[in-house]
Protein chains: 2
Amino acid sequence: MTLDIKHALFTQFARIGKVLGNAHRLALIEYLAQGERSVEALAKVSGLSVANTSQHLQQLRQAGLVETRREGQRIHYRLSGEDVVVLLDAIRNVATRHLAEIDQLVDTYLNTKDNMEPVPAAELVQRLKRGEVTVLDVRPEEEYTAGHLPGAVNIPLAELEERLAALPPEREVIAYCRGPYCVLSFDAVAELRRRGYRARRLEEGYPEWRSAGLPVEETRH
Amino acid sequence: MTLDIKHALFTQFARIGKVLGNAHRLALIEYLAQGERSVEALAKVSGLSVANTSQHLQQLRQAGLVETRREGQRIHYRLSGEDVVVLLDAIRNVATRHLAEIDQLVDTYLNTKDNMEPVPAAELVQRLKRGEVTVLDVRPEEEYTAGHLPGAVNIPLAELEERLAALPPEREVIAYCRGPYCVLSFDAVAELRRRGYRARRLEEGYPEWRSAGLPVEETRH
DNA sequence: ATATTATTCAATTGAATTATTGAATACAAT
DNA sequence: ATTGTATTCAATAATTCAATTGAATAATAT
């Protein structure tokens, strides 16, 4: 009796879970967390066909995770709210806390690529004091504005290529994003190295930095 | 190149999502949030066969969401960490914020059952001042200890039947749990009414109460 | 009007998931 | 040893999901 309603409720919740149960859709959400994107752009970065991308996006929309806006002949998708990012982070947290495979993955990744070991927060604090490094925040602008590491430069990943000039080429760059397994900073480091920069990832993300009680800056306006 | 690793990472994250994409498993997690339970007990409350329950639980275990402990001939399952509850809440939040169906569901539920309208926080504050009502916290003891409404009695749902004596029968009972759609308080109210109590749900859950700046108590020891 | 571009729809295929059933373990009690 | 109880495993059928293909919209440009 009351079980019916309860089951119906959980069935609705499960719609959210179901739609999160696919690597491509999670990747799409991650890209969308950087800002609004067209279907074509999303297809390109995710490596999926346009039709397939469109169908995944529609599932996300039916689950209420994304919304659309038409502009001329293209349709722009965006996350439907901040809480979607929170949800993705919650999954990331549980996954990294409980799935040993993830540590392995990151390990093999680090060992494959030439020394891409992340910089621990403590080390960064020291080097910041000596003014040795450029700190790069690759998260979307809104998140940067809400709070960031002291002195960090904000260049969202998508704009990195064109705004490279903002980074002095001789200084090592330490990139960070949302957490230890947020892929944005991986990509940023890869890109910077291609361009000849010395670049490494910060081991922790902004949330960890902040909750460790380390100094942060907030932009007011 | 870097896409392989990224995809592998998201595939791991998707394992979590996939396992959350089923109403029965979400219900199992909800029950487990109340504390350790045997397979048989979980099968009973969820209305599934034992074999089916067992298989769902094993999926949850493979995804790292639950852990087991053997005691004699029965195996007790428990959530593998607090972060699993956080994750479930994140899903609930997104779902209720974006899926209109859920409000409808709850509406029809409320209209079906004789006036089960929830009590808004503001109303409870007034009635608490006049000492009219018993406030009942049906969450697990640990969550109650971490913080609860002022003067609330804690009886986890599973113990409600046996500890009914703790509730004065003539006073109306206002039950609450984690959020507006946490099913624990629905069940509690249903049970109390069966026993002849006047009982209603608090519209908000503890997190909403707290973040509204209303007074809370924390148990220290 | 016609062609072009971006996106969506519909149908198909093969793979994965769910619930059910009955058999198999693993421990406990007699 | 034998029996009973709790849980898991294995096989099956029904359902659902993912990717592909080609056609259909919908706005824009010629």
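Predicted, not measured: the structure shown is a model, and the values here were computed from it. Chain identifiers are assigned alphabetically (A, B, ...) following the order of the sequence lines, protein sequences preceding nucleic acid strands; residue numbering begins at 1 within each chain.
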Rounded to whole Å, how long is the line connecting atom [atom1] of [X] with atom [atom2] of [N]?
| X | N | atom1 | atom2 | value |
| --- | --- | --- | --- | --- |
| B/Arg37 | D/dT7 | CZ | C1' | 18 Å |
| A/His7 | C/dT18 | NE2 | P | 12 Å |
| B/Lys44 | D/dA6 | NZ | P | 11 Å |
| B/His24 | D/dT15 | NE2 | P | 15 Å |
| B/Leu48 | C/dT21 | CG | P | 13 Å |
| B/Glu71 | D/dT7 | CD | P | 11 Å |

With heavy atoms under 4.0 Å as the rule, sort A/Gln59 into base, sugar-phosphate or nothing. sugar-phosphate

Listed by chain and number, what are the side-chain hydrogen bond (donor to acceptor under 3.5 Å, both in side chains) partners of [X], not counting sequence neighbours?
| X | value |
| --- | --- |
| B/Gln58 | B/Ser54 |
| B/Asp89 | B/Arg92 |
| B/Gln59 | B/Arg25 |
| B/Arg37 | none |

If you assign A/Gly72 and A/His56 each to the DNA chain D nucleotide with the nearest heavy atom, which residue ends up on the more 5' nucleotide? A/His56

With sequence neighbours left out, the residues meeting salt bridge (charged side-chain N to carboxylate O under 4.0 Å, His left out) with B/Glu67 are B/Arg78

Identify the pairs formed between an N or O of the protein and an N or O of nucleotides 23-25 of chain D at a distance under 3.5 Å, and give each distance.
none

All ring pair (Phe, Tyr, Trp, His ring centres under 6.0 Å) counterparts of A/His24, not counting sequence neighbours: B/His7

Is the shortest side-chain heavy-atom distance between B/Leu20 and A/Leu20 below 4.5 Å? no

Should B/Asn22 be listed as having a side-chain N or O under 4.0 Å from OP1 or OP2 of C/dT18? yes

Could you tell me whether the side chain of A/Thr68 and the main chain of A/Ile75 form a donor-acceptor pair under 3.5 Å? no

Per-nucleotide protein contact along nucleotides 7-14 of chain C, 5' to 3', at a 4.0 Å heavy-atom cut-off (B base, S sugar-phosphate only, - neither), is SBBB----

Can you give the donor-acceptor pairs under 3.5 Å from side chains of residues 154-168 of chain A to other protein atoms, not counting sequence neighbours?
from     : atom 1 : to       : atom 2 : distance (Å)
A/Asn154 : ND2    : A/Asp137 : O      : 3.0
A/Asn154 : ND2    : A/Arg139 : O      : 3.0
A/Glu159 : OE1    : A/Arg163 : NH1    : 2.6
A/Glu161 : OE2    : A/Arg195 : NH2    : 3.0
A/Arg163 : NH2    : A/Asn154 : O      : 3.1

